[in-house]
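As the structure is a computational prediction, the values presented were derived from the model and not from experiment.
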Amino acid sequence: MTKVHPKFPNTCEESLCDSKEAVVLTVWKKSLLFNCDGFTVYNSNGDLVFRVDNYMNCPKDNIVLMDASGLPLLSIRRKKLSLGDYWMVYDGETQRNPIFTAKKNIGIMTNKRSLVTVSSKKTVLYEIEGSYSQRSCKILDERRNKKKTAEIKRKEAMVGGVSFGKDVFKLIVEPEMEPRVAMALTIILDQMFRH
């Protein structure tokens with residue numbers, strides 16, 4: 001039987017952000033804790049890198065992205081009383097001065113192909129295009145002529161090309177983007193397009 005992750009280590013790879021090549025992460029839409037909803041993220045060596053653990057009966061408008069040891073990296077919060085689906089991302093567990101915001105684009109009135117616009121202080125940073133439900137999205141850097149900085153793709157088994165389904169997929173992060181930011185955007189996409 002093909003495994004989602006080849007092994008389970010006890011530490012996070014420290015050089016994750018220092019890579020000169022694309023980082024390939026395996027994202028498993030399953031928490032490591034019983035009776036929780038979340039994500040478990042492994043690097044190409046099978047080492048646990050990120051995790052998200054949300055209890056099933058808790059509201060999903062406050063999500064914490066943690067490293068392998070459980071230290072909070074980013075807090076992702078839904079903005080209350082806003083028109084549309086609007087999320088704010090903060091450093092650690094703080095609630096002041098968001099690092100960036102993400103807004104779901106509603107394509108009825110526009111010709112935009114993007115699903116989500118990511119901004120910081122009214123400056124557009126990224127556009128996310130594709131289909132999250134099909135696990136086929138590209139995160140494009142608006143400051144670099146729409147250069148692809150991350151991509152979500154279906155994960156297939158090494159032998160036989162069997163797909164793992166929608167709960168296991170690849171997140172490919174280029175060196176220009178922090179993997180924790182790419183994972184935060186993946187979590188936001190999941191919240192916006194989870195049906």
Side-chain angles (χ1 to χ4, degrees), residues 12-13 16-19 22-23 25 27-29 31 36-43 48-55 58-106 112 114-130 132-133 135 137-144 146-152 169-194:
C12 175
E13 184 181 343
L16 196 61
C17 292
D18 299 332
S19 177
V23 175
L25 302 173
V27 180
W28 188 14
K29 195 167 164 11
S31 172
C36 282
D37 183 26
F39 291 90
T40 306
V41 183
Y42 299 94
N43 65 13
L48 179 64
V49 179
F50 302 123
R51 60 183 241 222
V52 174
D53 303 313
N54 287 320
Y55 292 100
C58 291
K60 304 288 189 284
D61 57 356
N62 185 15
I63 301 166
V64 178
L65 175 64
M66 298 176 282
D67 67 7
S69 62
L71 295 172
L73 299 173
L74 296 172
S75 294
I76 305 162
R77 294 187 174 91
R78 182 189 308 261
K79 185 174 182 180
K80 297 177 181 173
L81 302 174
S82 69
L83 295 173
D85 215 345
Y86 192 83
W87 292 79
M88 298 172 294
V89 178
Y90 300 89
D91 194 25
E93 289 187 286
T94 63
Q95 292 189 25
R96 288 184 299 178
N97 303 324
I99 300 170
F100 60 87
T101 59
K103 184 177 182 191
K104 183 176 182 179
N105 292 329
I106 300 171
K112 284 186 140 183
S114 69
L115 302 171
V116 177
T117 301
V118 181
S119 305
S120 176
K121 299 178 183 169
K122 297 186 180 185
T123 301
V124 176
L125 303 176
Y126 305 104
E127 292 282 344
I128 304 174
E129 295 181 352
Y132 182 74
S133 65
R135 302 303 187 258
C137 294
K138 292 179 183 176
I139 301 173
L140 306 172
D141 191 334
E142 286 293 312
R143 298 161 298 171
R144 293 187 175 102
K146 293 194 174 253
K147 181 178 191 271
K148 181 177 69 175
T149 54
E151 187 172 14
I152 296 170
F169 53 93
K170 292 191 296 188
L171 176 59
I172 304 160
V173 186
E174 298 298 330
E176 297 85 14
M177 179 177 251
E178 283 186 64
R180 69 181 187 141
V181 171
M183 190 58 211
L185 293 174
T186 302
I187 294 165
I188 291 170
L189 282 170
D190 187 70
Q191 293 298 307
M192 289 179 175
F193 302 99
R194 64 180 331 154

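Residues passing the side-chain contact (heavy atoms from CB on, under 4.5 Å) test with M177, sequence neighbours excluded: Y126, I139, T149, A150, V173, V181, A182, L185. The side-chain contact (heavy atoms from CB on, under 4.5 Å) check on T94 picks up Y90, with sequence neighbours excluded. Applying the side-chain contact (heavy atoms from CB on, under 4.5 Å) rule to E129 yields the partners R113, S114, L140, K146; only residues at least two apart in sequence or on another chain are considered. Listed by chain and number, the residues in a salt bridge (Lys or Arg N to Asp or Glu O under 4.0 Å) with E93 amount to none (sequence neighbours excluded). The salt bridge (Lys or Arg N to Asp or Glu O under 4.0 Å) test applied to E151 returns K148, not counting sequence neighbours. Annotation: salt bridge (Lys or Arg N to Asp or Glu O under 4.0 Å) contacts of R143 (sequence neighbours excluded): D141.
One finds a salt bridge joining E176 and K147 here, because a Lys/Arg side-chain nitrogen approaches an Asp/Glu carboxylate oxygen to under 4.0 Å. Using a cutoff of 4.0 Å between basic side-chain nitrogens and carboxylate oxygens, R78 and D85 are scored as salt-bridged.
Here the side chain of S75 pairs a donor or acceptor atom with the backbone of G92 at under 3.5 angstrom.
How far CZ of F39 is from CD1 of I63: 7.5 Å, rounded to the nearest 0.5 Å. Between the CD atom of Q191 and the NZ atom of K104 there is a distance of 11.5 Å, given to the nearest 0.5 Å. Note that CD1 of I188 is 11.5 Å distant from OH of Y132, once rounded to the nearest 0.5 Å. The distance from the CZ atom of R135 to the NZ atom of K29 is 7.5 Å, given to the nearest 0.5 Å. A distance of 11.5 Å separates CE in M88 from CG in N97, rounded to the nearest 0.5 Å.
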Starting from the C-alpha separation in whole Å, work towards a yes-or-no answer on side-chain contact (heavy atoms from CB on, under 4.5 Å) for W87 and V116.
-> CA-CA 10 Å; W87 292 79; V116 177; over 6 Å; no
Yes or no on side-chain contact (heavy atoms from CB on, under 4.5 Å) for F193 and S133, after CA distance, side-chain angles and deciding distance?
-> CA-CA 7 Å; F193 302 99; S133 65; 5.9 Å; no
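Across all their heavy atoms, V41 and L25 have their closest contact at CG1-CB, 3.8 Å. I128 and V118 get closest at one heavy-atom pair: CD1-CG2, 4.2 Å. The two atoms that bring L115 and L189 nearest to each other are CD1-CD2, 4.3 Å, heavy atoms only. The minimum heavy-atom distance between D61 and K80, with the atom names listed, is OD2-CE, 3.5 Å. Shortest non-hydrogen contact noted between A184 and F100 is CB-CZ, 4.4 Å. Closest approach of T40 and Y42 over heavy atoms only: CG2-OH, 3.2 Å.
Residues R180 and D91 form a side-chain contact, since some pair of their non-hydrogen atoms from C-beta on lies under 4.5 Å apart. Between E142 and T117, every side-chain heavy-atom pair lies at or beyond the 4.5 Å cut-off. Between V27 and I152, every side-chain heavy-atom pair lies at or beyond the 4.5 Å cut-off.
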